[in-house]
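Predicted model, so just to flag it, every value in this text is computed and none were measured. Each chain gets a letter, A, B and so on, in the order its sequence line appears, and its residues count up from 1.
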Amino acid sequence: MSISKTYLPKEAEEKWYSYWLQHKFFRSVPDDREPYTIVIPPPNVTGVLHMGHMLNNTIQDVLIRRARMKGKNACWVPGTDHASIATEAKVVAMLKERGIGKKDLTRPEFLDYAWEWKEKYGGIILEQLKKLGASCDWDRTCFTMDEELSAAVIDTFIHLYKKGWIYRGVRMVNWDPQGKTAVSDEEVIRKEVNQKLYYIKYNVVPDELSMMSESLATHHSPLTTHYLTVATTRPETIMADAAICINPNDERYLHLHGKKVFIPLIGREIPVILDEYVTMDFGTGCLKVTPAHDLNDYELGQKHKLPVIDILNDDGTLNEKATILIGEDRFAARKKIAVLLEEAGALDKVEEYKSQVGFSERTNAVIEPKLSMQWFCKMDEMAKPALDYVLNGEVKLIPEKFINTYRHWMENVKDWCISRQLWWGQQIPAWYLPNGEYVIAKTVEDALVEAKKLTQNPSLTTQDLKQDEDVVDTWFSSWLWPISVFDGFKDPDNADINYYYPTNDLVTAPEILFFWVARMIMAGHEFRGEAPFKNVYLTGIVRDKLGRKMSKSLGNSPDPLDLIEKFSADGVRVGMLLCSPAGNDLMFDESYCEQGRNFANKVWNAFRLVKGWEVDDKLANPNKIAINWFESRFNQALVEIEDDFAQYRLSEALMATYRLVWDDFCAWYLEMIKPVYLQPIDCETYIRTISFFENILKILHPFMPFITEELWHDELFGGRTEKDCCIVAQLPDNGEVNTHLLNDVETVKLVITQIRNVRNGKQISPKEILSLSVKANSAINYDQFEPVIKKLGNVDSLTKVADKPGGAISFLIATDEFFIPFSENIDAKAETERLQKEKEYLNGFLKSVNAKLLNERFMSNAKPEIIEAELKKKTDAEAKLKILDESLAGLAT
RNA sequence: GGGAGUUUAGCUCAGCUGGUUCAGAGCAUCUGCCUUACAAGCAGAGGGUCACUGGUUCGAACCCAGUAACUCCCACCA
């Protein structure tokens, strides 16, 4: 293998990804091993890879790869979601470009175009995931509108209908005038918007005028004039007003009780009604009641038996019931009517006003409350068990803070509007009879049987039945995902579902906790009697470094594929995880990917070093200290990493790995054992080092699959068989940790650092050899570390002395005194000052320790080991002070 | 309006049951190095009133109360 100076990712990535595919390492079929399963949160078919996907799928791939390397049968099921509104919108847009209107097409024609679109563009996002290294079992790729999955949706609908949990009714729903469909409450995003509050005058009907004119003569108070004023943000809906409502206790308006008023511009008469619902101190205290276009007004209207006047078309334009501005869009109408009102003298004033407006999650259109006939799914009975799974810990949410939000939602859940006025999706299996009745059935044939039963009319034919035009909400198919991808509906006892279900971890965004996660738990319980996963890892939101959410409109999101191009897939994976604290949003910045790339390069170069060594079999001087130390250190890190993974602290697991590799392996271990240039290395050290390297590749692999696989196959590691790949290598078992040795080496590292420090301070080149002597007071046996200290400190000897030698710089490590002799004069004054300063600090430290030890309450309350530690601090400090004093005395002479 | 979370070095974050460590990491910064694996690097260093105010405790970044700022979720005040 050619060893270039830097890691060249492009070739390696293509090579190994296809190698893995070719050898079916991602493929999973049930066997004797323990399964580890993840189902991907299916991205929209309309989607292109964004940073959220990158984070999400990096995490899933790390988990899957690690499980695979722990001997589990790892199965990651990929797929896409048909995303009815979003896709239908795309298809409509595509047709428009070709000069075709949706209205001009029949349903089957439209669906043909939609499938054509899906086949062409629907797989893009999955192809992009491959660039990231995602080790999904692509043979299992599913689509929420695949035949089996769609059948499952229909069966589910029928099942729930039979249970009485699905019903049809006229309700106020969230209407998306752009998508021309109803959407669920969860699909409405509320945003604060700067609006205008229009104060509109409604004249009181003429036969009341005589009374009013008396007060008119005296005062012009708005409370006693012949009109009342209403504040509204939606003046275009006045034509749909059914009443004006005031609070019966509002003393300002007692004179309006039982009166009627004119709607401005159109002059229709509406009553003034009384209800305590109206807040007296908001606006004018007069509320216009528009039952067709506001949920509260609708309920108020129901209560007071008011008519419902719907003045809007499905696309948000005004209809003939508005009588004026017919055909105008609601927002254009709002502006125009303000002018008309102004001209008519009916506009009192306009104020700036901030309020919450609902937007469609999919189309971003302003949602219109609209009364319509829809299908609903009852939630309360399904919510209860789904809540319990989370509360009793059978389903763990990570981080736990989401339990509260989850509980709140589940305890206040409302029925789910599941019908959508779209064509792209599973069509509702309801069949209408000529008389308006309907039956629920899987096929038209089944429906006919039911219909005949229902009507007692044997002459009915399928021609008489008309299927409901609507499709079900996309989430009504994705909530079945963990079951349907294993064909658990058609064949509920098949080998796959029995083996893989329930899955292990679900990795998703908190935004869809209710949309999707909660409903999957409901479906899991209802159809399998078991939650669909054990752990839900909720990732943070990817933001830019200013903390803004990454979005297309802000243009602050980098293209993930560009990042991969620039920093390599491994680099980007590392970059994503480096800045993703568990459970918090991440402030993404390209520099993290750069750090990832640099790390890959570091690994590459460490490899180049080892690769370049010549071995001399005759040498028998293995660096036992270095080997034993690194082995212990590696085993210690393994435990830390395992622990981090167990708690889903992926970025910390990565950081622990990063430090182990960069600091401990490269900066310390390799430097300890590295032979001088062109000198050979002994056999044992060489073999052990290669084995360490192989283990390092293993623990790096989940994070950096490509570079590790690339290096894995180098001849340095001996001949590999075709199937001997890093991706399926088994992680090393935990081994012994010699803490004593680890501690001693930490001290030795300090000694070396101090030597380098002395060099730095005195501007001495690292190449210049120094001498070192030690007056050891601790239990550390420096003899065994002599080779290491000599090599890394570049000193020629480590002499043990009983007294301080003359003309030397000294430093103190723990209670051991080290000396570096210099022929030239030591600056005694500076040295004295340095020692004095240290002494001062130690005295202060000792004082505070003594204060504790003399405190009776401390001595009686603190745990024995704490007291012991304080006592040790005291003796250590005293010993150090003694040494300092001696040094100072020596300097004085 | 209700609820949750966050606030520790310039940045991003650890800090687990209050106690070994005058507070830990990575990046960035500064100083010195092109030392035959790596300048995408090496060696070293500096940098913190743990948001603020009280309280509990022998002892608080950590527990309690309050304050402030930011973030998110939920909610029909026109």
Point to revise | Separation of atom CZ in A/Arg597 from atom P in B/G26, rounded to whole Å | key: 19 Å
Exercise for review: Determine, for A/Glu352 against A/Lys196, whether the closest basic-nitrogen to carboxylate-oxygen distance falls under 4.0 angstrom.
Suggested key: yes
**Study point:** Pairwise P distance for B/G32 and B/C38, with rounding to whole Å
**Key:** 23 Å
Review point. Going by atom types only, do A/Lys349 and A/Thr229 share a side-chain donor-acceptor pair under 3.5 Å?
Key: no
Practice item. Scan nucleotides 16-22 of chain B nucleotide by nucleotide, 5' to 3', and note B when protein non-hydrogen atoms come under 4.0 Å of the base, S if they reach only the sugar-phosphate, - if neither. Key: ---BSSB
**Study point:** Check: A/Arg597 side chain, A/Lys566 main-chain N or O, donor-acceptor pair, under 3.5 Å
**Key:** no
Check your understanding: Between B/C38, B/C13, B/G26, which nucleotide has the shortest distance from any of its atoms to the side chain of A/Asn605?
Key -> B/C38
Review point. Phosphate oxygens OP1/OP2 of B/A37: is one of them under 4.0 Å from a side-chain N or O of A/Arg608?
Key: no
Point to revise | Interatomic distance where CD1 belongs to A/Ile681 and P belongs to B/U36 [whole Å] | key: 19 Å
**Study point:** Among B/A25, B/A37, B/C13, the nucleotide that comes nearest once only the side chain of A/Lys674 is considered
**Key:** B/A37
Review point. What do you reckon, is CD of A/Glu868 surrounded by more than 12 foreign heavy atoms closer than 6.0 Å?
Key: no
Practice item. Taking A/Asn605 for its side chain and A/Asn601 for its backbone only, find out whether a donor-acceptor pair lies under 3.5 Å. Key: yes
Exercise for review: Count the heavy atoms belonging to other residues, nucleotides or ligands that lie under 6.0 Å from CD of A/Glu865, then report whether that count exceeds 12.
Suggested key: yes
Revision key, fill the gap. Dot-bracket assigned to RNA chain B with the 3.5 Å Watson-Crick/G-U criterion, [ ] for crossing and | for other-strand pairs, is (((((((..((((.....[....)))).(((((.......))))).....(((((..]....))))))))))))....
Review point. Hey, is CD on A/Glu400 packed in by over 12 heavy atoms from elsewhere, all under 6.0 Å?
Key: no
Check your understanding: What interatomic distance, in whole Å, is found between C1' of B/U56 and the corresponding atom of B/C63?
Key -> 8 Å
Review point. Nearest-Å distance, NZ (A/Lys611) to P (B/C38)?
Key: 16 Å
Check your understanding: What string of B, S and - do you get for nucleotides 72-78 of chain B 5' to 3' if you count protein non-hydrogen atoms under 4.0 Å?
Key -> SSSBBBB
Review point. Can you give one letter per nucleotide of nucleotides 41-51 of chain B, going 5' to 3': B for a protein heavy atom under 4.0 Å from the base, S for sugar-phosphate only, - for none?
Key: SSSSS------
Exercise for review: Could you tell me whether A/Asp663 contacts a base, only the sugar-phosphate backbone, or nothing, with contacts defined as non-hydrogen atoms closer than 4.0 Å?
Suggested key: sugar-phosphate
**Study point:** Nucleotide of B/A25, B/A40, B/A39 approaching A/Lys5 most closely (side-chain heavy atoms)
**Key:** B/A39
Review point. Atom CE of A/Met576 and atom P of B/G26: how far apart are they, to the nearest Å?
Key: 22 Å
Study note, to complete from the structure: Residues A/Thr657 and A/Phe703: closest non-hydrogen pair is OG1-CE1, 3.8 Å
Check your understanding: Atom CD of A/Gln763 and atom C1' of B/U35: how far apart are they, to the nearest Å?
Key -> 16 Å
Check your understanding: Are OP1 or OP2 of B/A37 and a side-chain N or O of A/Tyr677 less than 4.0 angstrom apart?
Key -> no
Practice item. May I ask you to say what A/Tyr658 touches in the nucleic acid, namely base, sugar-phosphate or nothing, with a heavy-atom cut-off under 4.0 Å? Key: sugar-phosphate
**Study point:** Residue A/Tyr592, side-chain atoms from C-beta onward, closest of B/U35, B/A4, B/U12
**Key:** B/U12
Review point. When A/Ile337 is tested against each of A/Ile238, A/Leu347, A/Ile200 for side-chain contact (heavy atoms from CB on, under 4.5 Å), which residue passes?
Key: A/Ile238
**Study point:** Nearest-neighbour nucleotide for the A/Gln595 side chain, B/A4, B/G26, B/A39 considered
**Key:** B/G26
**Study point:** Separation between the P atoms of B/U7 and B/U12, rounded to whole Å
**Key:** 12 Å
Point to revise | Donor-acceptor pair between A/Ser591 and A/Glu594 side chains, under 3.5 angstrom | key: no
Study note, to complete from the structure: In whole angstroms, the gap separating C1' of B/A4 from NZ of A/Lys401 amounts to 8 Å
Review point. Are any side-chain N or O atoms of A/Asp294 and backbone N or O atoms of A/Thr290, one a donor and one an acceptor, separated by less than 3.5 Å?
Key: no
Check your understanding: Does the side chain of A/Leu55 reach to within under 4.5 Å of the side chain of A/Phe588, using non-hydrogen atoms?
Key -> no
Review point. What distance, rounded to whole Å, do you find between the two P atoms, one in B/U21 and one in B/A40?
Key: 41 Å
Point to revise | Pairwise C1' distance, B/C33 and B/G15 [rounded to whole Å] | key: 35 Å
Review point. With distance as the sole test, does A/Arg519 use its side chain to make a donor-acceptor pair with the main-chain N or O of A/Phe515 at under 3.5 Å?
Key: yes
Review point. What's the OH-C1' distance between A/Tyr7 and B/A37, to the nearest Å?
Key: 17 Å
Exercise for review: Can you tell me, in whole Å, how much space there is between the P of B/A65 and that of B/G48?
Suggested key: 32 Å
Practice item. Take atom CZ of A/Phe567 and atom C1' of B/C27, then tell me their distance rounded to the nearest Å. Key: 14 Å
Check your understanding: What integer number of Å spans the P atoms of B/G10 and B/A23?
Key -> 16 Å
**Study point:** Inter-nucleotide C1' distance (B/C16, B/G24), Å rounded
**Key:** 14 Å
Pairs of donor and acceptor atoms involving the side chains of residues 843-851 of chain A, under 3.5 Å and at least two apart or interchain, shall be tabulated with distances.
from, atom 1, to, atom 2, distance (Å)
A/Asn843, ND2, A/Lys839, O, 3.4
A/Ser848, OG, A/Phe845, O, 2.9
A/Asn850, OD1, A/Lys874, NZ, 2.9
A/Asn850, ND2, A/Leu846, O, 3.4

Study note, to complete from the structure: Hits for side-chain contact (heavy atoms from CB on, under 4.5 Å) against A/Asp664, two or more places apart or cross-chain, chain-then-number order -> A/Trp629, A/Phe630, A/Arg633, A/Leu660, A/Lys749
Check your understanding: Is A/Lys791 reaching over with its side chain to a backbone N or O of A/Lys674, donor-acceptor style, under 3.5 angstrom?
Key -> yes
